[in-house]
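Quick caveat: nothing in here was measured; it's all calculated off a predicted structure. Because only heavy atoms are used, hydrogens play no part in the values below, and waters and symmetry mates are left out as well, while side chains stay in. Position 1 is the first residue of the sequence, and the numbers go up from there.
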Amino acid sequence: MAGIWAKYNAALTANPLKVKTLTSFFGFTLGDLIAQSPDMLSGKPWDYMRTARFSAFGLCIHGPIGHYWYQFLDRTVMTNAPKSGIAVATKTAIDQLLWAPIFTSIFFSFMKTVEGHPDQVVDEVKTKLWPTMKVNWGVWPLAHLINFRFVPSSQRILYINSVQIGYNTFLSTMAAAKTKEESPAA
């Protein structure tokens with residue numbers, strides 16, 4: 001295991017954006033597979049296109065943006081005392097009050113667009129943003145207090161994706177849920 005960790009860190013040092021992007025790809029893929037596993041165990045076929053969309057979001061959006069977002073926070077928020085209580089609380093507050101709603105809106109917009117329904121983006125965000133944010137705020141403030149206090153900056157995406165596997169399971173289920181406009185007439 002130590003050898004794998006050393007290789008991961010060497011790759012991260014050599015090409016941080018690529019490694020963080022692939023880490024997000026893996027985390028989003030695994031989250032969707034976990035979300036779909038109860039259906040697959042009951043005989044429902046695997047929705048590989050749903051997994052592909054989810055994986056693409058991790059690869060194309062979450063990994064690259066996360067890489068730059070956390071660098072931005074580390075470079076701009078209390079750089080003289082980055083692990084202090086006030087710095088950690090400030091980074092967490094900025095992330096959760098500013099970035100989390102934007103990220104969640106981007107997530108639902110991306111999913112609807114790659115499903116071929118860009119016309120449904122506004123309704124999707126209106127319907128799902130608030131319920132998703134309530135779950136988000138039950139998970140991420142504590143996770144980010146730990147993140148910003150104890151996790152080295154280079155390891156943030158790995159840590160976030162480790163926590164995010166469970167959260168991605170929720171996001172996958174939420175994204176797959178039909179809105180009133182999409183549900184068949186009763």
Side-chain angles (χ1 to χ4, degrees), residues 1-37 48 50-104 106-107 110-111 114 132 135-175:
M1 193 61 141
I4 293 170
W5 182 246
K7 286 180 183 179
Y8 177 85
N9 281 308
L12 184 62
T13 299
N15 199 338
L17 180 60
K18 180 179 179 182
V19 171
K20 291 174 186 180
T21 297
L22 291 173
T23 301
S24 288
F25 170 80
F26 178 76
F28 274 78
T29 301
L30 188 55
D32 182 68
L33 291 173
I34 292 169
Q36 288 194 57
S37 63
Y48 65 90
R50 175 176 149 182
T51 303
R53 289 187 298 270
F54 216 70
S55 301
F57 182 82
L59 184 71
C60 300
I61 306 293
H62 184 267
I65 290 177
H67 168 77
Y68 292 111
W69 173 247
Y70 294 110
Q71 279 186 347
F72 167 77
L73 288 177
D74 288 337
R75 280 193 327 261
T76 58
V77 177
M78 299 191 67
T79 57
N80 58 335
K83 302 282 186 182
S84 68
I86 191 73
V88 169
T90 301
K91 289 177 188 179
T92 300
I94 292 169
D95 186 84
Q96 289 302 292
L97 298 174
L98 176 66
W99 178 241
I102 293 169
F103 169 81
T104 303
I106 292 169
F107 170 77
F110 179 91
M111 289 300 153
V114 297
T132 303
V135 174
N136 174 91
W137 289 326
V139 173
W140 288 108
L142 177 59
H144 279 310
L145 289 172
I146 294 167
N147 178 23
F148 294 125
R149 176 64 179 96
F150 300 107
V151 177
S153 183
S154 64
Q155 301 291 337
R156 292 202 199 290
I157 296 295
L158 177 61
Y159 167 77
I160 288 164
N161 276 287
S162 297
V163 174
Q164 190 136 354
I165 290 171
Y167 188 71
N168 286 344
T169 301
F170 162 73
L171 277 180
S172 177
T173 303
M174 191 67 152

Any residue meeting salt bridge (charged side-chain N to carboxylate O under 4.0 Å, His left out) with D74, in chain and number order, not counting sequence neighbours:
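Salt bridge (charged side-chain N to carboxylate O under 4.0 Å, His left out) check on D74 returns K91, R156.
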Between the main-chain N or O of A35 and the side-chain N or O of S172, is there a donor-acceptor pair closer than 3.5 Å?
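It does not hold such a pair.
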When rounded to the nearest 0.5 angstrom, what is the spacing between [atom1] in [X] and [atom2] in [Y]?
X	Y	atom1	atom2	answer
I146	Y159	CD1	OH	4.0 Å
D95	I160	CG	CD1	7.0 Å
F170	Q164	CZ	CD	11.5 Å
I65	T21	CD1	OG1	10.0 Å
N168	L33	CG	CG	11.0 Å

Within the structure provided, determine whether [X] and [Y] are in side-chain contact (heavy-atom separation under 4.5 Å).
X	Y	answer
N9	Q155	yes
V163	V139	yes
L12	K20	yes
W99	L73	no
L59	F28	no

Could you check N136 against Y167 for side chain to side chain contact (heavy atoms under 4.5 Å, CB included), going step by step and ending with a plain yes or no?
CA-CA 8 Å; N136 174 91; Y167 188 71; 3.3 Å; yes
If you look at every heavy atom in [X] and [Y], which pair is closest and at what distance?
X	Y	value
Q96	P101	O-CD, 3.5 Å
H67	P16	CE1-CB, 4.0 Å
A87	P82	CB-O, 3.5 Å
C60	P64	O-CG, 3.6 Å

Is it true that atom [atom1] of [X] has more than 12 heavy atoms of other residues, nucleotides or ligands lying nearer than 6.0 Å?
X	atom1	result
K7	NZ	no
F26	CZ	no
Y48	OH	no
L97	CG	yes

In terms of side-chain heavy atoms, does N161 have a donor or acceptor partner in T23 at a distance below 3.5 Å?
no
Under 3.5 Å, is there a donor-acceptor pair linking the side chains of Q71 and S153?
no
Parallel, tilted or perpendicular: ring planes of W5 versus Y8, cut at 30 and 60 degrees
parallel
Ring geometry between F107 and F57 (parallel below 30°, tilted from 30 to 60°, perpendicular above 60°)
perpendicular
Testing F25, F54, W69, F103 one by one against H62 for a ring-ring contact (aromatic ring centres under 6.0 Å, His included), which residue passes?
F103
Please evaluate residues T90 and F148 with respect to the criterion side chain to side chain contact (heavy atoms under 4.5 Å, CB included), reporting the C-alpha separation (whole Å), side-chain torsions for both, the decisive distance (0.1 Å), and the verdict.
CA-CA 10 Å; T90 301; F148 294 125; over 6 Å; no
Between I157 and S24, does the side chain to side chain contact (heavy atoms under 4.5 Å, CB included) criterion hold? Intermediate values first, please.
CA-CA 7 Å; I157 296 295; S24 288; 3.8 Å; yes
